[in-house]
2 protein chains.
Amino acid sequence: MEQEQNFLTLNDHLCFSIYACSRAILRLYRPYLDELKLTYPQYLVLVVLWEYEQSTVKQLGELLELDSGTLTPMLKRMEAAGLLKRSRDTKDERVIIVKITDEGKSLQEKALCIPQSLMDSTGMTTEEVNALNSAVKKLSKLVNE
Amino acid sequence: MEQEQNFLTLNDHLCFSIYACSRAILRLYRPYLDELKLTYPQYLVLVVLWEYEQSTVKQLGELLELDSGTLTPMLKRMEAAGLLKRSRDTKDERVIIVKITDEGKSLQEKALCIPQSLMDSTGMTTEEVNALNSAVKKLSKLVNE
DNA sequence: TAAAATTAAGTTGCGAACAATTTTATTAAA
DNA sequence: TTTAATAAAATTGTTCGCAACTTAATTTTA
């Protein structure tokens with residue numbers, strides 16, 4: 001008896017939908033990010049720092065699911081741009097404390113248009129966005145074991 | 001009267017959920033992709049070529065939403081790995097025809113485990129996967145105008 | 001048909017993303 | 001307390017992803 005292969009086409013691939021959607025949102029955000037001279041992952045670092053004021057490389061890595069190989073050079077660029085300050089924790093010299101500057105804080109209001117552009121572009125209600133957000137988070141959680 | 005700011009935290013950001021989920025799926029796929037000596041976007045190129053046998057750089061770009069700046073070097077690496085052949089279209093010398101090799105075809109069955117790993121890891125039914133796939137595609141479509 | 005516009009790939013340059021490794025600091029164990 | 005193990009960042013190297021630009025071929029239009 002023949003084995004049914006069930007090869008998936010590109011459009012059957014949930015992974016591709018998510019990967020393409022992520023990049024589509026970045027394209028939508030780009031003009032707003034350009035205006036603020038930010039990249040998308042830099043914007044995410046600021047979202048964390050607007051909430052917590054300061055953090056460590058390790059904590060940023062846990063929140064954003066990025067490692068020091070990605071964060072270290074990015075944080076150096078953001079420091080050079082005046083958005084944050086990096087300093088050693090005197091209690092534990094292995095740790096780098098990342099603290100937002102006034103200049104970094106000043107971008108928070110200007111950045112409101114970024115997530116708003118996604119709402120505007122999709123016309124989704126807050127409830128619809130939250131429902132999809134929950135579904136995607138649930139998937140992530142399962143994938144992360 | 002005060003203006004309510006409603007700054008979003010990281011977890012409220014649908015864009016972040018999708019971006020993080022996309023990378024979580026890549027982490028899940030990595031061991032299977034490593035086994036086949038493929039990167040994720042290379043796998044996607046093969047998914048297209050398994051379906052269509054051959055394509056052009058332009059068509060691959062439309063299907064995968066990638067530009068020639070990404071595709072040209074990637075396709076050259078895949079050609080060097082023996083997975084596909086690149087040749088000029090004699091009818092229009094601007095066009096590059098990308099055709100899968102027998103070696104590239106031989107990976108199709110071995111790659112079945114890749115999308116399967118996502119099903120296994122999430123325990124989602126085909127119906128649940130399809131529903132989420134549709135929701136994400138709908139979002140992408142809206143974002144792409 | 002000659003010039004202008006358009007199109008398809010390719011090139012260059014930069015910033016992620018991440019694996020693998022190294023460096024330095026702290027903690028645990030012998 | 002010296003050594004071993006662990007931990008946090010940093011470094012190195014490869015591959016995307018994409019903006020901006022270039023090259024070469026084709027099509028349009030003047």
Side-chain angles (χ1 to χ4, degrees), chain A residues 15-16 19-31 33-46 55-81 83 86-98, chain B residues 15-16 19-31 33-45 55-81 83-84 86-98:
Chain A
C15 59
F16 174 67
Y19 160 82
C21 186
S22 182
R23 290 186 294 115
I25 295 173
L26 296 210
R27 281 195 297 276
L28 175 71
Y29 283 178
R30 195 162 309 279
L33 290 168
D34 283 351
E35 187 71 27
L36 301 180
K37 295 190 202 306
L38 291 176
T39 65
Y40 178 67
Q42 289 174 7
Y43 164 72
L44 294 179
V45 168
L46 290 182
S55 184
T56 64
V57 173
K58 181 179 158 60
Q59 190 192 7
L60 282 168
E62 286 167 356
L63 291 169
L64 303 176
E65 295 169 47
L66 291 170
D67 72 6
S68 67
T70 301
L71 286 170
T72 296
M74 186 167 67
L75 294 171
K76 284 182 179 175
R77 282 187 288 270
M78 293 178 77
E79 182 172 41
L83 301 171
R86 295 159 66 254
S87 59
R88 292 272 164 196
D89 184 344
T90 50
K91 292 187 198 69
D92 185 341
E93 293 279 347
R94 290 172 303 182
V95 174
I96 290 279
I97 294 175
V98 178
Chain B
C15 59
F16 174 67
Y19 160 81
C21 186
S22 181
R23 290 186 296 115
I25 295 172
L26 296 210
R27 281 195 297 277
L28 175 71
Y29 284 179
R30 193 161 310 280
L33 290 167
D34 284 351
E35 188 72 25
L36 301 180
K37 295 189 202 306
L38 291 175
T39 65
Y40 179 66
Q42 288 174 7
Y43 164 73
L44 293 178
V45 168
S55 184
T56 65
V57 173
K58 180 179 159 59
Q59 190 193 6
L60 282 169
E62 286 167 356
L63 292 169
L64 302 177
E65 295 170 45
L66 292 170
D67 72 5
S68 67
T70 300
L71 286 170
T72 297
M74 185 167 66
L75 294 171
K76 283 182 178 175
R77 283 188 288 270
M78 293 179 76
E79 182 173 41
L83 300 171
L84 51 81
R86 296 158 67 254
S87 59
R88 291 272 165 197
D89 184 344
T90 51
K91 291 188 197 68
D92 184 341
E93 293 279 346
R94 291 172 303 183
V95 174
I96 289 279
I97 294 175
V98 178

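Just so it is clear: chains get the letters A, B, ... in the order the sequence lines come, proteins before strands, and each one is counted from 1. Side chains included, hydrogens not; waters and symmetry mates left out as well; all remaining heavy atoms used.
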Undergrad: Applying a 3.5 Å limit to both distances, which nucleotide forms a Watson-Crick or G-U wobble pair with D/dT3?
TA: C/dA28

Undergrad: Whole angstrom is fine here: how far is it from CG in B/L60 over to C1' in D/dC16?
TA: 16 Å

Undergrad: In whole angstrom, what separates A/M74's CE from D/dA9's P?
TA: 14 Å

Undergrad: Does a side-chain N or O from B/R23 land closer than 4.0 Å to OP1 or OP2 of C/dC18, or not?
TA: yes

Undergrad: With a 4.0 Å limit, can you tell me whether B/Y40 has a side-chain N or O closer than that to the phosphate oxygens OP1/OP2 of C/dA17?
TA: no

Undergrad: Please determine if B/E93 and B/R88 form a salt bridge, counting it only when a charged side-chain N lies under 4.0 Å from a carboxylate O.
TA: no

Undergrad: Counting N and O atoms only, with roles assigned by atom type, does the side chain of A/R23 sit under 3.5 Å from a partner on the main chain of B/E65, one being a donor and the other an acceptor?
TA: yes

Undergrad: Rounding to an integer number of Å, can you tell me how far A/E65 CD sits from C/dA16 C1'?
TA: 16 Å

Undergrad: In this structure, are over 12 heavy atoms from other groups packed under 6.0 Å from B/E35 atom CD?
TA: no

Undergrad: Does A/R27 put a side-chain nitrogen or oxygen below 4.0 Å from OP1 or OP2 of D/dA19?
TA: no

Undergrad: CE of A/M78 versus P of C/dG15: gap in Å, rounded?
TA: 13 Å

Undergrad: By nearest nucleotide on DNA chain C, pick out whichever of A/E93 and A/L26 is the more 5' one.
TA: A/L26

Undergrad: Give the C-alpha distance, both sets of side-chain angles, the deciding distance and a yes or no for side chain to side chain contact (heavy atoms under 4.5 Å, CB included) between B/L83 and B/L38.
TA: CA-CA 10 Å; B/L83 300 171; B/L38 291 175; 3.6 Å; yes

Undergrad: How long is the line joining OH of A/Y29 and C1' of D/dC18, in whole Å?
TA: 18 Å

Undergrad: Classify the ring geometry between A/Y40 and A/Y29 as parallel (under 30°), tilted (30 to 60°) or perpendicular (over 60°).
TA: tilted

Undergrad: Working to the nearest 0.5 Å, report the span between CG of A/L33 and CG of A/L26.
TA: 8.0 Å

Undergrad: Which of the following nucleotides, D/dG17, D/dC16, C/dA17, is nearest to the side chain of B/L66?
TA: D/dG17

Undergrad: Using whole Å, report how far CD of A/E62 lies from C1' of D/dA8.
TA: 11 Å

Undergrad: Under 4.0 Å between a side-chain N or O of B/R30 and OP1 or OP2 of C/dC18?
TA: no

Undergrad: Treating primed atoms plus P, OP1 and OP2 as sugar-phosphate and everything else as base, which nucleotides of nucleotides 7-13 of chain C get B, S or - for protein heavy atoms under 4.0 Å?
TA: BSBBB--

Undergrad: Is a donor on one side and an acceptor on the other found under 3.5 Å between the side chain of B/T56 and the backbone of B/Q59?
TA: yes

Undergrad: Taking atom C1' of D/dA25 as reference, at what distance in whole Å does atom CG of B/D89 sit?
TA: 12 Å

Undergrad: Could you tell me how far apart A/L33 (CG) and D/dG17 (C1') are, to the nearest whole angstrom?
TA: 15 Å

